[in-house]
2 protein chains.
Amino acid sequence: MPTKRQETTAHVHSPAIEDYLEQIHNLIEAKGYARVVDIAKNLRISQASVTNMIQRLDAEGYVIYERYRGVIMTDAGRKIGQEIARRHEVLTRLLASFGLDPQTVHEDVEGMEHHISRQTLEVLTLLMEELEGNPELLMKLKRQLG
Amino acid sequence: MPTKRQETTAHVHSPAIEDYLEQIHNLIEAKGYARVVDIAKNLRISQASVTNMIQRLDAEGYVIYERYRGVIMTDAGRKIGQEIARRHEVLTRLLASFGLDPQTVHEDVEGMEHHISRQTLEVLTLLMEELEGNPELLMKLKRQLG
DNA sequence: GCGGAAGTTTAGCCTGAGCTAACTATTTTG
DNA sequence: CAAAATAGTTAGCTCAGGCTAAACTTCCGC
Ligand SMILES: [Mn+2]
Ligand SMILES: [Mn+2]
Ligand SMILES: [Mn+2]
Ligand SMILES: [Mn+2]
């Protein structure tokens, strides 16, 4: 029989760690590198706190870090960063399609993205796709939102 | 002109505080009283931690507490407890309708319930109601989940 | 190539929220 | 009604993840 697929042991990380890895991933995507000052700005925390966490992320194997130089991601780190970015995107598209205030969407998404299992992500992705492909349904619901 | 409706200053509490108030609320609903030992069991934390937090909740005006006796909720506390219980219920019904594993639903809901604005709650309530009233749509989506 | 600006790191501190161990109070039961 | 069982509290710890101030490194314009 085929070997039973190892159910990726959903090692769970703190919201803080996930936010850092998501942010580092986004910065590297967007500009090719991630600097302490930019991570700090985006997460709205002090540069000192960022340095501190980056050292932890290095020690735990999520990034490779050289003092005063940049940060790059290991495969493990990139995997998490991508995953959170994906959740962020799905949640944002779903909520934004209802016309909610972007600031509110962002706040909710920043929190919710850390508490979504793979199954729930699939459900939300499905809902998002349905609404994007079915404008009548979306309109009907938005009308009820009044 | 009518005085502008005060936009309930969404004072935000920690997930921990919200979990305690939700739990105390649920216990009082269900059995008429809330005891340290039951709160601890339901939240899976030590009794000592519960005692400690209850004292804080009293100091901050969410519950009234008498040593070795019970806890009752103030209006402020009950309001929060009810609110979280409501979010918990909506999220649970929405996710459960897709047939997700109850354990997974519970884990996701326990986290997500602390990060949902009033607007997002309205959207999710709407989605839940639509799916509950439109079994064909639900079936179609569930088939795609397969 | 030097000096100041910008960026980074270190040290030391704080708070929230958990824990265990030991003690105290209350309730139950023989 | 005494003592055992159960419930609740206190003291003292720990750890994550923030912060500021000060020191250090790098970069850039002159
Ligand atoms: Mn986030
Ligand atoms: Mn995010
Ligand atoms: Mn919760
Ligand atoms: Mn809950």
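In what follows, every chain begins at residue 1, and chains take the letters A, B, ... in the order their sequences are listed. Just so it is clear, the structure is predicted and the values come from calculations on it, not from any experiment.
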Take the protein atom CZ of B:Arg35 and the nucleotide atom P of C:dA25, then report the distance between them rounded to whole Å. 17 Å
Given atom CG of B:Asn42 and atom C1' of D:dA7, what is their separation to the nearest angstrom? 16 Å
Of B:His25, B:Glu22, B:Met73, B:Arg87, the one forming a side-chain contact (heavy atoms from CB on, under 4.5 Å) with B:Gln82 is B:His25
For atom CD1 of A:Ile54 and atom P of C:dT9, their distance in whole Å: 7 Å
Testing the 3.5 Å rule here: is there a donor-acceptor pair between the side chains of B:Glu110 and B:His88? yes
Please test B:Leu100 against A:Thr120 for side-chain contact (heavy atoms from CB on, under 4.5 Å), starting from the C-alpha separation and ending with a verdict. CA-CA 8 Å; B:Leu100 301 196; A:Thr120 293; 3.6 Å; yes
Anything under 3.5 Å between a protein N or O and an N or O of nucleotides 14-18 of chain D, put it in a table, one pair a line.
unit_1 : atom_1 : unit_2  : atom_2 : d
D:dG17 : OP1    : A:Ser14 : OG     : 2.5
D:dG17 : OP2    : A:Arg56 : NH1    : 2.1
D:dG17 : OP2    : A:Arg56 : NH2    : 2.7
D:dG18 : OP2    : A:Tyr20 : OH     : 3.3

Under a 4.0 Å threshold between the charged nitrogen and the carboxylate oxygen, would A:Arg118 count as salt-bridged to A:Glu122? no
May I have the distance from B:His114 (atom NE2) to C:dA17 (atom P), rounded to whole angstrom? 12 Å
side-chain contact (heavy atoms from CB on, under 4.5 Å), paired with A:Ile17, selected from A:Ile80, A:Leu57, A:Val12: A:Leu57
Side-chain donor/acceptor contact of B:Gln47 with base of D:dG8 under 3.5 Å: yes
Ignoring backbone atoms, establish whether A:Gln55 has a side-chain N or O less than 4.0 Å from OP1 or OP2 of C:dT10. yes
Counting just side-chain N and O atoms, does B:Tyr65 come under 4.0 Å of either OP1 or OP2 of D:dT9? yes
Nearest whole Å is fine: how far is C:dA6 P from A:Asp38 CG? 15 Å
Would you mind telling me which residue lines up with the more 5' stretch of DNA chain D, B:Tyr68 or A:Arg67, judged by nearest nucleotide? B:Tyr68
To the nearest Å, give me how far apart NZ (B:Lys41) and C1' (D:dG8) are. 13 Å
Could you check whether A:Glu89 pairs with A:Arg86 (Lys NZ or Arg NE/NH1/NH2 to Asp/Glu carboxylate O, under 4.0 Å)? yes
Roughly how many Å is it from CZ in A:Arg69 to P in D:dT25, rounded to a whole number? 13 Å
Anything under 30° is parallel, anything over 60° is perpendicular, the rest tilted; go ahead and classify A:His115 against B:His115. parallel
